[in-house]
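What follows is a single structure, written as structure tokens, with notes after it.
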Amino acid sequence: MRKNTFGDCLIAGGIAVIGVAEAWHLAAVFLNLAFTDCARLIAVSLSILFVLGTGFLIARRKRIFAKDGRKTSAGVLGQLFYAAFVLMAVSQLIFIGIGNATYRSGDMMVETVESFLVSDGIYQVNPMTGMPYAEGMPLRLKILCLPTLYGSLCRWTGLRPALVIRTLVPMAVLLNCYVSFSVLGRTLFPEDRQKRACFLLLTSLLLWVGAYGYGMDGFNLLCCGWQGVAIRSGVLLPWTLSLCLRHKWFGAFLCVLAEGSIVWTFYGCGICLAVTAGMAVAELLCGRQKAVGKGEEAK
């Protein structure tokens, strides 16, 4: 399966949102813009992006939503798998909504966003002391855009940062996680819906199991889904793998840039870059092996 699907468009739209937020965040950091102005610029840019994205979907709807007649029915067992998966996903959304398992130790996202809103500036006030920063922040940390994006959501909606960051954002990240794994499942099993249903069910089960181990993907997604590492492991990595398998290298490169904008990695050289580079090398070696095999057959 090499064509773009609706799931691809959704994830690409999310990455575009990160890109817009990162661009205006950098402008605000280096030009000392007020946070209110930054949030306003992000809102205008995302509105334009939404209109363009809607127009793209309408123009390409016949290809994006086209049905492939070769695909088999999921069957009774596949439908049961899908039903079980939906129940698991709903239970996880309820788990996030209850919020009792929210991991807070050492995480300052809510406090940082609140400092943006109160001071009307980006990284002007230390959220731990309420005073200006005594020392500068590492540049690699300062350029990450998630606090600005979350603060902008709070500014637009008037909702409390704790509600947006600890409940609404993790729910959206979890749903996008399953969209990403659904696209990966379609790539791995393009003509077997039953296997795709089983793949999603197993993914949801593994997230539940991992929710009880600190640092596991399930823990990141269900207990602190607002963090960049949760977005990377749940959304970016599965989509990167799917894109590499379909030889869509530009999309994989966008995932690399998105990870560098939301996760404090070593100068932006993160896991998405390693996966993309590894898949590219594997593709190159396989291509050479096939060329050698054809040459031997010709002899």
Side-chain angles (χ1 to χ4, degrees), residues 1-15 60-95 171-213 216-222 225 230-249 251-252 255 271-272 274-276 278-280 282-283 285-287 289-290:
M1 186 198 73
R2 295 197 178 190
K3 71 175 185 178
N4 293 321
T5 65
F6 184 62
D8 288 310
C9 296
L10 287 177
I11 303 171
I15 291 179
R60 301 293 296 273
R61 65 186 183 279
K62 292 183 178 180
R63 296 192 60 180
I64 293 174
F65 298 100
K67 295 182 179 180
D68 192 340
R70 298 175 301 171
K71 294 180 180 178
T72 60
S73 172
V76 176
L77 185 59
Q79 292 176 358
L80 291 176
F81 285 155
Y82 274 124
F85 160 70
V86 170
L87 291 176
M88 295 286 285
V90 170
S91 68
Q92 290 167 347
L93 291 173
I94 294 173
F95 180 80
M171 286 182 173
V173 170
L174 180 65
L175 292 175
N176 277 277
C177 168
Y178 284 130
V179 171
S180 184
F181 274 101
S182 175
V183 173
L184 179 58
R186 290 172 65 91
T187 303
L188 296 174
F189 314 109
E191 298 183 7
D192 196 326
R193 294 185 61 194
Q194 183 171 300
K195 289 183 179 179
R196 298 205 300 266
C198 182
F199 178 74
L200 286 175
L201 178 59
L202 290 176
T203 300
S204 63
L205 286 172
L206 289 175
L207 291 185
W208 264 134
V209 172
Y212 300 96
M216 300 289 288
D217 291 343
F219 181 89
N220 291 334
L221 285 163
L222 299 180
I231 299 173
R232 175 183 65 188
S233 62
V235 181
L236 296 181
L237 280 177
W239 199 49
T240 299
L241 182 57
S242 171
L243 291 169
C244 291
L245 290 173
R246 291 181 285 163
H247 309 106
K248 294 180 178 291
W249 304 107
C255 291
I271 299 178
C272 287
V275 170
T276 302
M279 293 293 290
E283 176 69 19
L285 293 177
C286 289
Q289 187 66 27
K290 290 180 180 179

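Of all heavy-atom pairs spanning Asp8 and Thr5, the tightest one is OD2-N, 2.9 Å. Leu207 and Leu222 get closest at one heavy-atom pair: O-CD1, 3.7 Å. The two residues Cys177 and Val235 have their closest heavy-atom pair at N-CG2, 3.7 Å. The two residues Gly234 and Ser180 make their nearest non-hydrogen contact at O-CB, 4.0 Å. Listed here is the closest heavy atom pair of Pro238 and Ser233: CD-O, 3.5 Å. Gly78 and Ala197 get closest at one heavy-atom pair: O-CB, 3.6 Å.
One distance of note links CG of Leu10 with OG of Ser182; it measures 10.0 Å at 0.5 Å rounding. In this structure, CD in Glu191 is found 11.5 Å from CZ in Arg186, a value given to the nearest 0.5 Å. Between Asp217 atom CG and Thr203 atom OG1 the span is 11.0 Å, to the nearest 0.5 Å. The structure places CG of Leu87 at 15.0 Å from OH of Tyr82, a figure rounded to the nearest 0.5 Å. Considering SG of Cys286 and CD of Glu283, their distance stands at 6.5 Å, rounded to 0.5 Å.
With hydrogens and angles ignored, the 3.5 Å screen pairs no side-chain donor or acceptor of Ser204 with any backbone N or O of Ala89. Side-chain N or O atoms of Arg196 include one that pairs as donor or acceptor with a backbone N or O of Phe189 at under 3.5 Å. Here the side chain of Gln194 pairs no donor or acceptor atom with the backbone of Leu77 at under 3.5 angstrom. Remark: side-chain polar atoms of Asn176 are not paired, donor with acceptor, to backbone N or O of Val173 under 3.5 angstrom.
A heavy-atom distance below 4.5 Å is not found between the side chains of Val179 and Trp239. Leu241 is not listed as a side-chain neighbour of Leu237, based on a closest heavy-atom distance of 4.5 Å or more. When side chains are defined from C-beta on, Ile271 does not count as touching Leu236, because their heavy atoms never get closer than 4.5 Å. His247 has its side chain within reach of Trp249: a pair of non-hydrogen atoms, C-beta onward, lies under 4.5 Å apart. Between Leu175 and Leu93, the closest side-chain pair of non-hydrogen atoms falls below 4.5 Å. Within the 4.5 Å cutoff, side-chain heavy atoms of Cys255 are placed close to those of Leu243.
Residue Met216 qualifies as open at atom CE: its count of foreign heavy atoms under 6.0 Å is 12 or below.
Between Phe199 and Phe181, the ring planes lie tilted relative to each other; the angle falls in the 30° to 60° range.
Under the side-chain hydrogen bond (donor to acceptor under 3.5 Å, both in side chains) criterion, Trp208 pairs with Ser91, not counting sequence neighbours.
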When you look at Leu205 and Val209, which way does the side-chain contact (heavy atoms from CB on, under 4.5 Å) test go after all the steps?
CA-CA 6 Å; Leu205 286 172; Val209 172; 5.5 Å; no
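Of the residues Val90, Leu202, Leu200, the one that meets the side chain to side chain contact (heavy atoms under 4.5 Å, CB included) test with Phe85 is Leu200.
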